[in-house]
Amino acid sequence: MCLMGKWPWKGLRGGPVEFGSPLQGMKPESMEKYDLIIVGAGPGGLASAITAQQLGLSYLVVEKGKRVFQGIIDSYPRGKKVYPTIPKGEDGPFPVEDLAPSLDNNPVEEYVDRIEACVDKREIAIRLSEEFQNILRDKSEFTVATSADRYRAAHVVLAFGSNIPGDLGIYGEAKTVARSLDNPQEHIGAPTLVLGGGNAAADIVATLSKVKRAAGDLTTVHWAHRAVQFKVDKDVARDLGEEILLGGNIRILPGAIPQIGEVDEDGVERLLIQTQKIHMDGGVELHQGMSFPMKHVIACIGTQGPAPVFASLGLQQIICTEGVCKISKEGAQLLMLTPELQTSVRGVYAIGGAISPAYILISEKGVLREQKHTNLIYTAVKDGVRVVESIAGQKFQT
């Protein structure tokens, strides 16, 4: 997968609305009030909904996609296996068993079908095709505005993941570079370049190689990464290794750096990557590289958290500087959260991919420290359970 979870935000219609300001045409007194509104129907959002249902809380899930798990549907290559990976240091089992991927590592299509059957069986309260727009706070409650309606709630859980692609950081336009593998057949007969050194890139390399091999296509799948070392999970590495053993035409390019986006003499947009730099006498450097049509380049170079959304909602963030952050890149904006994953706005929580790969943990003593947060299905599900149990505890204690 190139993108883990989709970001259901396209800006506010008519400009930003600050917490506490009025929304025209809204009559809060006429709306049903929920214990919590959950934004996003991915693993974290559905875990929140199931837990709320079990604990007797009133809730509603709003999802911009046409289906639950829309982010996973859009970002996983067809046929990709889904693993029930548990992070190091966690003992398991899966916090919500119904949401756990099968131990048989079934394809994503089968996994999503099973999740949808679970949603139907449990009669999860969900509104699909409603895009989150804003939150209005009025004393002890919130009004969540979507593209279709308004909903009142005592708490809001932001479970919308992250899908803002990382920047290639090159000179020239590179907008036509794909961020996910929509149709492997489009790359048959042409050398293909996959950028990125993680699981997302490895999955796509293996998928493309398999499709090319089945079609008798001898063109190469080039796998390039800025760093010398590639980092993938053992399950992903096993699948990739099996494909190589079966004769997959894969060429690995460690230390390859995207350099420039250009248009050739035939009007084809291309991406030039540097594959090697050789230092010669007299301070001369020899650069070796390769050029690919951008339509055959897939950039799995990570995503950024939805910092603009958090900023628009008035949620406090910290910008990483040297010496402050060890997990995140310098300049990244990290959301400030309590141990219960509550933001700086009391009653608003953030979970799942929206706060990966790290956030700033506010300890009970007020100490701030960077906290690693893995972007896994298990982690998002655990977040959803933790937040709703905290909300239920507050409600039933009062």
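Along the sequence shown, residues carry numbers from 1.
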Exercise. List the steps, then state whether side-chain contact (heavy atoms from CB on, under 4.5 Å) holds for Y359 with L341.
Key: CA-CA 10 Å; Y359 61 90; L341 302 181; 3.8 Å; yes
Using the rule that Ile, Leu, Val, Met, Phe, Trp and Tyr join whenever any side-chain heavy atoms are under 4.5 Å apart, tell me whether [X] and [Y] fall into a single cluster.
X    : Y    : result
L337 : I360 : no
M294 : I257 : no
I351 : V96  : yes
L335 : I319 : no
V211 : V236 : no

Kindly give the heavy-atom pair with the smallest separation between [X] and [Y], and that separation in Å.
X    : Y    : value
G189 : D217 : N-OD2, 2.7 Å
P95  : V381 : CB-CG1, 3.8 Å
L55  : A392 : CD1-CB, 3.7 Å
A201 : G196 : CB-O, 3.2 Å
P107 : V82  : C-CG2, 4.4 Å
G42  : F69  : C-CE1, 3.4 Å

Mark yes or no for whether [X], through its side chain, and [Y], through its backbone, hold a donor-acceptor pair below 3.5 Å.
X    : Y    : value
D266 : V268 : no
S48  : G44  : yes
W223 : P254 : no
E109 : G79  : yes
D35  : S58  : yes
Y111 : L99  : yes
T192 : A190 : yes
Q70  : R67  : yes
T51  : A47  : yes
N199 : D233 : yes

Is it the case that more than 12 heavy atoms not belonging to [X] sit under 6.0 Å from its [atom1] atom?
X    : atom1 : value
Q288 : CD    : yes
I278 : CD1   : yes
R238 : CZ    : yes
K33  : NZ    : yes
L103 : CG    : no

Heavy-atom side-chain proximity of [X] to [Y] below 4.5 angstrom:
X    : Y    : answer
V157 : I391 : yes
I135 : L158 : yes
I115 : I72  : no
Y349 : L36  : no
P258 : L272 : no
V144 : D149 : no
P191 : H222 : yes
R114 : N106 : no

Any chance the side chains of [X] and [Y] put a donor and an acceptor closer than 3.5 Å?
X    : Y    : result
K80  : T207 : no
S344 : Q316 : no
R270 : S291 : yes
H373 : S356 : yes

If you round to the nearest 0.5 Å, how far is [atom2] of [Y] from [atom1] of [X]?
X    : Y    : atom1 : atom2 : answer
L334 : L361 : CG    : CG    : 12.0 Å
T343 : L315 : OG1   : CG    : 4.5 Å
D235 : Y83  : CG    : OH    : 5.0 Å
K81  : D203 : NZ    : CG    : 10.5 Å
L376 : E90  : CG    : CD    : 10.0 Å
L46  : Q53  : CG    : CD    : 11.0 Å

Ion pair present between [X] and [Y], side-chain N to carboxylate O less than 4.0 angstrom?
X    : Y    : value
E141 : R152 : yes
E370 : K326 : no
K295 : E186 : no

Quiz item: Which pairs pass salt bridge (Lys or Arg N to Asp or Glu O under 4.0 Å) with one or both residues in residues 274-289, sequence neighbours excluded?
Solution: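 For residues 274-289, and leaving out neighbouring residues, there are no salt bridge (Lys or Arg N to Asp or Glu O under 4.0 Å) pairs at all.
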Quiz item: Can you tell which of E130, K64, E63 makes a side chain to side chain donor-acceptor pair (under 3.5 Å) with T146?
Solution: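 The residue from E130, K64, E63 that satisfies side chain to side chain donor-acceptor pair (under 3.5 Å) with T146 turns out to be E130.
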Quiz prompt | Partner of T219 by side chain to side chain donor-acceptor pair (under 3.5 Å), out of K212, H187, H296 | solution =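 So the option named by the test is K212.
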Quiz prompt | Check against side-chain contact (heavy atoms from CB on, under 4.5 Å), V309 and F160 | solution = CA-CA 11 Å; V309 182; F160 44 59; 3.9 Å; yes
Quiz item: Does the side-chain contact (heavy atoms from CB on, under 4.5 Å) test come out yes or no for E340 and Q394, once each step is laid out?
Solution: CA-CA 12 Å; E340 294 75 32; Q394 296 172 42; over 6 Å; no
With a cut-off of 3.5 Å and sequence neighbours excluded, list every side-chain donor-acceptor pair involving residues 118-128.
{"from": "R122", "atom 1": "NE", "to": "D98", "atom 2": "OD2", "distance (Å)": "3.0"}
{"from": "R122", "atom 1": "NH2", "to": "D98", "atom 2": "OD2", "distance (Å)": "2.8"}
{"from": "R127", "atom 1": "NH1", "to": "Y151", "atom 2": "OH", "distance (Å)": "2.9"}

Practice problem: Verify side-chain contact (heavy atoms from CB on, under 4.5 Å) between V68 and V61, making sure each step is shown before the conclusion. | Solution: CA-CA 10 Å; V68 299; V61 182; over 6 Å; no
Practice problem: Just say parallel, tilted or perpendicular for the rings of Y378 and F94, cut-offs at 30° and 60°. | Solution: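 Because their plane-to-plane angle is over 60°, the rings of Y378 and F94 count as perpendicular.
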